[in-house]
Amino acid sequence: MRSTTRSAVRSVAAVVASSVVMGLGVTPASAETLTVVGHRVHQTTMTGDTGGDFAAEWANRHGASVEWLTFDVAGIHDRLYREASLSSTAVNVGFAANLYFTPEFDRMFLPLNDLLAEHPIEAFDELPAGMLDAMTIDGKLYGIPFRHATAALHVNTAILADLGLEVPTTFEEVLEVARAATHQRDDGASVFGLVLDERAPTHITDIARAQSNGDFLTPDFDLRANSPEMIAAVQTVKDLFEEGVLPDNFLNFQTEDAITLMQQGRGVMAISPFGRNRNFNNPAESLFAGDIISIPVPASATLEGFDAAPVRTEFWAMFIPQNSANHELSWDFIRNAMTVENTIRGALNGNGPVRPSAYDDPRMAELIAYAEAEQAVLAVARPPLPGWRNSARVIDIFKEEMDLLLLGMKTAEEAMQSVQDRVTPLLPN
Amino acid sequence: MFERYLILGVRSIILALAVIWSAFPIFMVVSSSFKTPIDIFAFPPKFLAFTPTLENYRMLFRAWPQFVEGLWNSLIVTVGATVLTAVVSLAAGYAYSRFKSRWLTLSAFSMIFLRMLPPVVVTIPLFPVVNQFRLNDTHALLILLYAAFFVSLSTWILKTFIDQIPRELEEAAEVEGATLFQRLTRIILPLSVHGMVAACVFVVVFAWNEYMFALIFTSSEAKTAPLVLAEITGTLEGVQWGVLFAAASVQLAPILVFVLIVQKYIVIGLTAGAVKG
């Protein structure tokens, strides 16, 4: 009986082992492979058709290959942090969004100052100081900004013309036109005068800045949720929602909804990143292709010193994990991506270029109708929130209070005071 | 008579509602995969009155070659995990059915206890270990993980089946000189095949659709189709809904066909042991 049991165990073990072995056979990355963690958008902007594949050109020059590990936004940061916290990682370069940049980065990622001093990035001084500051801890630079998304006002000129309305030039006019353009179509569909991507503080801050250059939270963590500027901004949103100017499902609204509404002509104006212009005017998807223009969000007539409102700009930067190998090669990859020429080529591939001079290139003007407008806004735009450990929780708290306000369960003052009280303990000391 | 028709009518209505409730989302996904992007969100909605197009599928296979690789990886992982689970569960189910001891009982209940833990509790601490053994981004790792999470359920299903197989059959075979392995493969396996299939259905459906383990433990070589689906939701052009629906339909089709083919085994597997006779 013992021998039969042994033979059974051997047989089962053999089958199990062969099942497992069937899945093996993955070749580990070679020493010349540079592994990059990012979004497919990042890959596309470095390897696209219009501007060309400058990542492959770099790889050919170095006899290396670039392996892209692409994930959705949450997946990128999850993977990057986890890899960077191990004793060693095969990830050489990672992308992270500004909101995800926390003080803990100094333990996981390489300070770039020495590499920058030894092998400078071309025309480095041109990179926006605000973005670089946001990537700096105790004087050490950890990330090189690569891609930005800056808010614009997108206007469906065809609908405005039908309704006999003009493109607004001040924020007060934006609200007036939004109210006037809200109507019901002949087919019964509701048309909303204004569309916001969502009710997060990142987006509501756009209203506060357009009206009075207000802020929810400053880069030095001065919380201003209960300031008159923020209260006025959320009251504006509440009024627009009650009047039906904002979509009736605004409490559960996402970027994809905003795109769809604009493409279907059910949104007349939208405050959304400039890059959305492509979606709104895509003939394959939009009923109003060619009719939707993208302009700076106009500042309030009472806001002195601004033509374009100082709206939000959010950006992605490149980082090198401390525990990765071959830092010089990684840095060279970043330098290559950041040359003046490759910044323009990336923009032609669909990137939001962080170099203001890229917008002066004739190729940009020819291909991107809103290039000049975006350049103007980039000069005054700033990140909506600083990144820190609790930023995601704070966004959730803000949304909760906005919901209570929009549902009529709190006033603007009560909701923002509650945000102030709940967020204060979550701020860094 | 009237009462009988009334009951029949009510039953039919409830059944129809249940079918609509279940099938409508699938219908929307599949039908939208054949619509132009403009028609997908048209108002009023175009449920049937649209000109079908294959453009979304063309775009999917042209612009997202990694989706095909993802499907292939999903297939390897699903088959591997299913085979592994089946083999281990058969052996374990046999042991729990035929042998009695305190330790066996303890281990049987330990398996159930481990199954109750949320997968994420086990997953995150595994990451550095897996990395240390260089198992990251391998099919083998996903096969092991998926199998590990379903061995307990499958073992209990198979134990129930094996309990119903008369011991006399095995004893007769043993008298004829059959080894344990021969008894397992020539008597137990054929007679418990319904339970085996029922157990495998759970593994197949789980492994084919699983997202979280694949997200954490794969990068490129073993990246499965659900991860590529998640990526399709965010591109430079925003969400390409048509392509996304086409990908979802392709992802859905094999599993739908598989479940339809083996559905009777699911019922048998789930009701095994419910009535002792």
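In what follows, every chain begins at residue 1, and chains take the letters A, B, ... in the order their sequences are listed. As the structure is a computational prediction, the values presented were derived from the model and not from experiment.
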#### Entry: Under 4.5 Å from any heavy atom of chain A - which part of B:Gln182
neither
### Query
Are A:Arg266 and A:Phe192 in a cation-pi setup, meaning NZ or CZ lies under 6.0 angstrom from the ring centre and within 45 degrees of the ring axis?
no
### Task
Kindly indicate whether a cation-pi arrangement holds for A:Arg345 with A:Phe54, taking the cut-offs as under 6.0 Å to the six-membered ring centre and within 45° of the axis.
no
### Message
Less than 4.5 Å to any heavy atom of chain B: does that hold for the side chain of A:Arg79, its backbone, both, or neither?
### Response
side chain
### Atom group of B:Ile216 that falls short of 4.5 Å from chain A, counting heavy atoms
both
### Query
Relative to the ring of A:His42, is the ring of A:Phe95 parallel (under 30°), tilted (30 to 60°) or perpendicular (over 60°)?
parallel
### Query
With ring centroids as reference points, do B:Tyr57 and B:Phe34 lie under 6.0 angstrom apart?
yes
### Query
So, for B:Leu84 and B:Ile143, which heavy atoms are closest and what is the spacing to 0.1 Å?
CD2-CG2, 3.9 Å
### Query
What part of A:Ser85 is in contact with chain B, defined as an atom under 4.5 angstrom from a non-hydrogen atom: side chain, backbone, both or neither?
neither
### Task
Can you tell which part of B:Leu227 gets under 4.5 Å to a heavy atom of chain A, answering side chain, backbone, both or neither?
neither
### Query
If you measure from the Lys or Arg side-chain nitrogens to the Asp or Glu carboxylate oxygens, is any gap between B:Arg183 and B:Glu171 under 4.0 Å?
no
### Query
Measuring heavy-atom distances to chain B, does A:Pro273 have an atom under 4.5 Å in its side chain, in its backbone, in both, or in neither?
neither
### Task
Please state whether the side chain, the backbone, both or neither of B:Tyr211 comes within less than 4.5 Å of a heavy atom of chain A.
side chain
### Part of B:Thr185 lying under 4.5 Å from any heavy atom of chain A
neither
### Message
Looking only at side-chain N and O atoms, does A:Thr47 offer a donor or acceptor that is under 3.5 Å from a partner on A:Asp53?
### Response
no
### Which portion of B:Ser220 sits near chain A, non-hydrogen atoms under 4.5 angstrom
both
### Query
Checking heavy atoms, do the side chain of A:Thr255, its backbone, both or neither come under 4.5 Å from chain B?
neither
### Task
Kindly state whether the ring of B:Phe206 and the ring of B:Phe149 have centres lying under 6.0 angstrom apart.
no
#### Entry: Greatest number of heavy atom pairs closer than 4.5 Å to chain B - which of A:Thr70, A:Asp187, A:Leu69, A:Asp72
A:Thr70
